[in-house]
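Throughout, residue positions are numbered sequentially from 1 according to the sequence presented.
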Amino acid sequence: MEKEIHLFWESITDYNKQIASVFNIDKNILIQYLDSIKNKDKKIIADIGCGPGNSFKHLKEFKKVYAFDFSKKLLEIANEKKPKNIEIFKENILKYKLPEKVDISLAVMSIFPNNYSELDEIVLNILNNTKKKGEIILVLHSFESRTFSFHLDSDFYFKKSLNSQEILTQINNQVQFSNYHPFGYLKINSGIIQKYWLKEEIEFRLSKYNFKHIKIEKLELDWEKQLNLKEYKNYPKLWFWFVKIKR
């Protein structure tokens, strides 16, 4: 699974067209959070899995930003747009060690554990690199949203006057059950392999760390701007999970 994920990210030719970046969504809950942080010039933040650096325009006011990713190709793009306060390096989320502990650890669509033990390693490593009274911000794929999308697709196909068997065939082609992994991975038609998270799963997996506060909210996607599906613009929106953790 890890090899497939690496190969996928190295194969990206146009990140902003192939990936729905939360940093291209106006006024979403993550951007509102970053904009609302006080005394940024005194705070240090880690951008875990920074990709091509789409987050950088929202991080330029921080005192220091440590940004890393495992993809050499994406880091080359990120290096072209980084402000002076950002230090970029190639690293794996399981092994990274920052020069200093940070006030905020930010991981946007970058946690892809292969099993539950690896998830524990990731969380513990983030904790080891975050100050004791710091914050951890995660954006994760929603399993509920992905399931809901199949219902919306069915409704759309009904409106196109397809019969039940035709609709079932269309949905089965999208779901691709043979590519479903018990740990919650789904491979969709575009070839993207992602870990999808149930809200209850997030709450349960994080409960063992006795965090001071955990808040999980929807970060909604725009059908037209992010997903390029204008015909769905009046439908309920899909979403990612925005997870805000205080130690």
When you measure from the side chain of [X] to the backbone of [Y], do you find a donor-acceptor pair of N or O atoms at a distance under 3.5 Å?
X	Y	value
T130	V102	no
D69	E91	no
N39	K42	no
N128	L124	yes
N28	V22	yes
N129	L98	yes
S145	S142	no
K133	D103	no

Taking the side chain as C-beta and beyond, is there a heavy-atom pair between [X] and [Y] under 4.5 Å?
X	Y	value
R146	H141	no
I245	L206	yes
L75	C50	yes
V243	V139	no
L152	L238	yes
Y209	L127	yes
F240	M109	yes
L138	V108	no

_Partners meeting ring pair (Phe, Tyr, Trp, His ring centres under 6.0 Å) with F148 (sequence neighbours left out)_ =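 By the ring pair (Phe, Tyr, Trp, His ring centres under 6.0 Å) rule, F148 matches no residue at all.
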*Who passes ring pair (Phe, Tyr, Trp, His ring centres under 6.0 Å) against F56, sequence neighbours left out?*
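Scan of F56 (ring pair (Phe, Tyr, Trp, His ring centres under 6.0 Å), adjacent residues dropped) gives none.
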*asked:* Whether K208 and D120 form a salt bridge (side-chain N of Lys/Arg under 4.0 Å from carboxylate O of Asp/Glu) is what I want to check.
replied: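 Between K208 and D120 there is a salt bridge, with a charged N closer than 4.0 Å to a carboxylate O.
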Could you pull out every donor-acceptor pair under 3.5 Å between side chains of residues 57-67 and any protein atom, sequence neighbours left out?
residue: Y66; atom: OH; partner: E100; partner atom: OE2; Å: 2.6

Quick one: pull up [atom1] in [X] and [atom2] in [Y] and give me the separation to the nearest 0.5 Å.
X	Y	atom1	atom2	value
K131	I104	NZ	CD1	10.0 Å
F68	Y96	CZ	OH	5.0 Å
Y33	F242	OH	CZ	7.0 Å
L94	I122	CG	CD1	5.0 Å
K90	E76	NZ	CD	11.0 Å
I45	S55	CD1	OG	8.0 Å

*asked:* Same cluster or not: F204 versus V123, using hydrophobic residues (I, L, V, M, F, W, Y) connected whenever any side-chain heavy atoms lie under 4.5 Å apart?
replied: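 No, because F204 and V123 fall into different hydrophobic clusters, even though each may have its own neighbours under 4.5 Å.
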_Considering only residues two or more places apart or on different chains, which pairs with a residue in residues 237-247 satisfy salt bridge (charged side-chain N to carboxylate O under 4.0 Å, His left out)?_
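Every pair satisfying salt bridge (charged side-chain N to carboxylate O under 4.0 Å, His left out) with a residue in residues 237-247: there are none.
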*Check against side chain to side chain contact (heavy atoms under 4.5 Å, CB included), N125 and I93*: CA-CA 8 Å; N125 203 22; I93 193 171; 5.8 Å; no
*Looking only at heavy atoms, which two atoms of L74 and S71 are closest? And how far apart?*
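In this case the closest contact between L74 and S71 is N-OG, 3.2 Å.
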*What are the two closest heavy atoms between A78 and G51, and how far apart are they?*
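Looking at all heavy atoms of both residues, the shortest contact is CB-O, 3.5 Å.
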*Residue list, salt bridge (charged side-chain N to carboxylate O under 4.0 Å, His left out) with K215, at least two apart or on another chain*: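 Testing K215 for salt bridge (charged side-chain N to carboxylate O under 4.0 Å, His left out), a comparison that skips the adjacent residues, returns E217.
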*Looking at residues at least two apart in the chain, or sitting in another chain, which of them share a salt bridge (charged side-chain N to carboxylate O under 4.0 Å, His left out) with E201?*
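Partners of E201 by the salt bridge (charged side-chain N to carboxylate O under 4.0 Å, His left out) criterion, ordered by chain and then number, come out as K195.
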*Evaluate side chain to side chain contact (heavy atoms under 4.5 Å, CB included) for S105 paired with I48, printing each intermediate quantity in order.*
CA-CA 7 Å; S105 284; I48 302 168; 4.0 Å; yes
*Which class fits the ring pair F143 and Y196: parallel under 30°, tilted 30 to 60°, perpendicular over 60°?*
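Perpendicular.
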*May I have the step-by-step check of side chain to side chain contact (heavy atoms under 4.5 Å, CB included) for D35 and I37, ending in yes or no?*
CA-CA 6 Å; D35 289 345; I37 295 173; over 6 Å; no
*side chain to side chain contact (heavy atoms under 4.5 Å, CB included) between K81 and N54, worked out*: CA-CA 9 Å; K81 63 178 76 169; N54 287 348; 3.5 Å; yes
